Amino acid sequence: MADKVAYETDGAPDLRSREATEVTPVETLVPSAAGFLGLMHGHGIVIQPFTGLTGVTHNHAVMASLTEIHPDGQPFIGNAVMKICNVAPHDNGVVDVRVEISWDSDLPVRVSFLVS
């Protein structure tokens, strides 16, 4: 895990007080796109910062999906409903993702990114 990312909250509860997670680059089938994978654990509604999306700025289109990870490391669809709510790229290779994981305890989740 990387350092925490600081945010201004204007007094509102800060859902973003999570450790930043480093992503891993992956190959894509689209030559003009870049792919990254990030892992996180969570439940409820959280904003997770991901670092290491090299070259990403606020002008890039960043799409994300998420899936639960089985203890054997494979993605699968479990009983928890999971949603990507918002994706916000920044100029420093950091992408914030607001997710909703409808479960009572933390689940291991993989977030896949496609950047164009």
Side-chain angles (χ1 to χ4, degrees):
M1 290 264 184
D3 295 329
K4 284 191 178 181
V5 178
Y7 297 95
E8 294 293 323
T9 62
D10 297 326
D14 186 7
L15 298 174
R16 299 170 286 202
S17 61
R18 299 175 60 87
E19 296 289 327
T21 301
E22 184 78 18
V23 298
T24 303
V26 294
E27 287 188 43
T28 68
L29 297 176
V30 182
S32 62
F36 300 91
L37 297 177
L39 299 175
M40 63 173 284
H41 286 79
H43 72 282
I45 298 173
V46 297
I47 298 174
Q48 176 68 54
F50 289 92
T51 61
L53 287 95
T54 307
V56 171
T57 70
H58 72 279
N59 290 320
H60 284 94
V62 179
M63 288 131 309
S65 66
L66 71 161
T67 186
E68 190 171 346
I69 297 295
H70 192 272
D72 69 5
Q74 297 298 312
F76 78 107
I77 298 176
N79 290 330
V81 174
M82 300 182 179
K83 302 175 191 174
I84 296 279
C85 301
N86 307 96
V87 179
H90 301 280
D91 286 336
N92 56 359
V94 173
V95 174
D96 291 337
V97 180
R98 184 190 316 249
V99 301
E100 182 176 351
I101 302 168
S102 298
W103 205 248
D104 292 335
S105 58
D106 283 359
L107 294 175
V109 175
R110 182 178 79 187
V111 180
S112 302
F113 296 94
L114 184 62
V115 180
S116 65

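From a predicted model like this one, the values you see are computed outputs, not experimental measurements.
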(request) Over all heavy atoms of both residues, which pair between S116 and H60 is shortest? Give the atoms and the distance, please. (result) O-CD2, 3.4 Å
(request) Heavy atoms only: give me the nearest P75-R110 pair and the separation to one decimal. (result) CG-NH2, 3.9 Å
(request) Evaluate whether atom CG of N86 has more than 12 neighbouring non-hydrogen atoms of other residues, nucleotides or ligands under 6.0 angstrom away. (result) yes
(request) Can you see which heavy atom on V87 is nearest to which on A64, and at what distance? (result) CG2-CB, 4.0 Å
(message) Within this structure, what is the CD1-CD distance for the pair I69 and Q74, rounded to the nearest 0.5 Å?
(response) 8.0 Å
(request) For residues M40 and L66, determine if any side-chain heavy atom of one lies less than 4.5 Å from a side-chain heavy atom of the other. (result) no
(request) Looking only at non-hydrogen atoms, find the nearest pair between E22 and G52 and report the distance. (result) OE2-CA, 3.4 Å
(message) Can you give me the closest heavy-atom contact between P25 and F36, atom names plus distance?
(response) CA-CD2, 3.7 Å
(request) State, yes or no, whether a side-chain contact exists between Q48 and V111 at a heavy-atom distance under 4.5 Å. (result) no
(message) Main chain of H58, side chain of D91: is a donor-acceptor contact present, judged purely on distance under 3.5 Å?
(response) yes
(message) If I take atom OG1 from residue T51 and atom CG from residue N92, how far apart are they, to the nearest 0.5 angstrom?
(response) 9.0 Å
(message) Could you list the cluster mates of L114? Members are the ILVMFWY residues connected by side-chain heavy atoms closer than 4.5 Å, either directly or through other members.
(response) M63
(message) Filter on ring pair (Phe, Tyr, Trp, His ring centres under 6.0 Å), then keep only pairs touching residues 62-84, sequence neighbours left out; what's left?
(response) H70-F76
(message) Apply the hydrophobic cluster definition, ILVMFWY joined by side-chain contacts under 4.5 Å directly or through others, and give me every member besides V26.
(response) L37
(request) Supply the atom-to-atom distance M82 CE to S102 OG, rounded to the nearest 0.5 angstrom. (result) 9.0 Å
(request) Give me the one residue out of V95, L53, T57 that meets side-chain contact (heavy atoms from CB on, under 4.5 Å) with P89. (result) V95
(request) Output, in order, the C-alpha distance, side-chain angles, deciding distance and verdict of side-chain hydrogen bond (donor to acceptor under 3.5 Å, both in side chains) for D104 and H43. (result) CA-CA 7 Å; D104 292 335; H43 72 282; over 6 Å; no
